2 protein chains.
Amino acid sequence: MDVGKTEVARRLDAFKAAFKKAGVKLTHQRLEIFGEVAASVEHPDAEMVFRAVQARMPTVSLDTVYRTLWLLSELRLINPLGPRRESVRFDANLAKHHHYVCMQCGLTRDFESLALDTIRIPAAVKNLGSVVVMQVEVRGLCTNCAKPKTAKTRTKGTQQGRTEGRRR
Amino acid sequence: MDVGKTEVARRLDAFKAAFKKAGVKLTHQRLEIFGEVAASVEHPDAEMVFRAVQARMPTVSLDTVYRTLWLLSELRLINPLGPRRESVRFDANLAKHHHYVCMQCGLTRDFESLALDTIRIPAAVKNLGSVVVMQVEVRGLCTNCAKPKTAKTRTKGTQQGRTEGRRR
DNA sequence: CTGACTGCAAACCCTTTGCAGACCG
DNA sequence: CGGTCTGCAAAGGGTTTGCAGTCAG
């Protein structure tokens, strides 16, 4: 249930290199925290990481875990999962469809594709559990966010935004 | 930028039928709230819906919007988007991969597939924005949750769970 | 040594809940 | 009319932040 030893070692090297390059300090807790995420196959959330690290280092605090996790994301050593963390969104389109999600503003749009609807799922997935839905998620920068500076043409003013100004 | 008129009408019919069948009351606010989600292509969150409905019905409260949104989900008239709402999760696997997510316990696992990595994305998506990542998300019931009752064999004890007891 | 980092506690934001009055059927 | 719903206000849970002491480089 763990990531292979060699793979973890490789991730740790990338970790140290990235820290050196970014010029941030390599503290004991950062190492433990990254080690935890790198060795896990569970896609843990902050609290899971916290509990695991806490076992070996009883003084860590949950906020350090959060800060470190986001730092790691910034250095592109790990990725936050799923659509941008924020509020739950709802979808009234009950037909088969797929999603395009803007990594910057969170804009989410449906798109349809017969070809994608009929994708064959690898047999190995069967070992994980039953298959109820299969959706393709495409992430990128929406045309609006891709526009150079002067982002005056905000789509309709409402909706969409609200997602940018994250991070500390 | 809206859903077609006929489609909205169809969704409204399904809505009324489902309400009658479920024996829940069809109130003014519920109708407005559903209408808002059904006509939007934005996958709004509770607050977006709230603001939109509030414009036409200044007395609605945000909590009613929440309650209605979840009610609609229960009646399968809309679907909450993305992996179960809860905390952000992180992924240290930077290689191309896809996700299997259990709809009940939130368990999330990677799986690889050359075939899936090379899927051709429909040209229409280009109009939405650039493509940075393409991932297939398979949702279903993991083997553990699928087990009849006596779910004694909890995977490793830790991780995983924490996601079930949602909803009011 | 010194600025970056940590732990602590308090603040925040989104979401949920208990309760009394309002309204659908 | 009666039970379901709503609005209100307050509680909850996850996440973030300001501050003073601590530690990596």
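If you're wondering where the values come from, they're calculated on a predicted model, not measured in any experiment.
Screening B:Gln135, B:Glu137, B:Arg139 against A:Gln135 for a side chain to side chain donor-acceptor pair (under 3.5 Å) leaves a single residue, B:Arg139.
Comparing B:Gly23 and B:Asp63 along DNA chain D, the residue whose closest nucleotide (by nearest heavy atom) sits nearer the 5' end is B:Gly23. In this structure, A:Thr59 and B:Leu26 both approach DNA chain C, and ranking their closest nucleotides by distance from the 5' end singles out A:Thr59.
Checking side-chain atoms of B:Thr108 against main-chain N and O of B:Gly106 turns up a donor-acceptor pair under 3.5 Å. Although no hydrogens or angles enter the test, the distance criterion places a donor-acceptor pair under 3.5 Å between the side chain of A:Arg89 and the main chain of B:Glu42. No donor-acceptor distance shorter than 3.5 angstrom exists from the side chain of B:Thr68 to the backbone of B:Arg30, with no hydrogens or angles considered.
Residue A:Lys25 contributes atom NZ, which lies 10 Å from atom P of C:dT6 at whole-angstrom precision. Here the P atom of nucleotide C:dG7 and the CD atom of A:Glu32 are 12 Å apart, to the nearest Å. We find that CZ of A:Arg89 is positioned 13 Å from P of C:dC14, with the value rounded to whole Å. Regarding B:Leu31, its CG atom lies at a distance of 15 Å from the C1' atom of C:dC23, rounded to whole Å. Spacing between atom CG of B:Leu62 and atom C1' of C:dT16 amounts to 10 Å, rounded to whole angstrom units. For B:Leu72 and D:dC5, the CG to P distance is 12 Å, given to the nearest whole Å. At whole-Å resolution of the value, CZ in B:Arg67 and C1' in D:dG7 are 8 Å apart. A straight line from CG of B:Asp45 to P of C:dC13 spans 15 Å, rounded to a whole angstrom.
Between B:Ser61 and D:dG7, a side-chain N or O to OP1/OP2 separation shorter than 4.0 Å is present. Look at A:Arg30 and you'll find a side-chain N or O under 4.0 angstrom from OP1 or OP2 of C:dT6. Neither OP1 nor OP2 of C:dC23 sits under 4.0 Å from any side-chain N or O of B:Gln29. Here B:Ser87 does not reach the OP1 or OP2 of D:dG14: none of its side-chain N or O atoms lies under 4.0 Å away.
The nucleotide whose nearest atom lies closest to any side-chain atom of B:Val24 is, among D:dC8, C:dA9, D:dC5, D:dC5. The side chain of A:Thr27 lies closest to D:dA24, out of D:dT4, D:dG7, D:dA24.
Annotation: side chain of B:Ile121 is not in contact with side chain of B:Lys126 (no heavy-atom distance under 4.5 Å).
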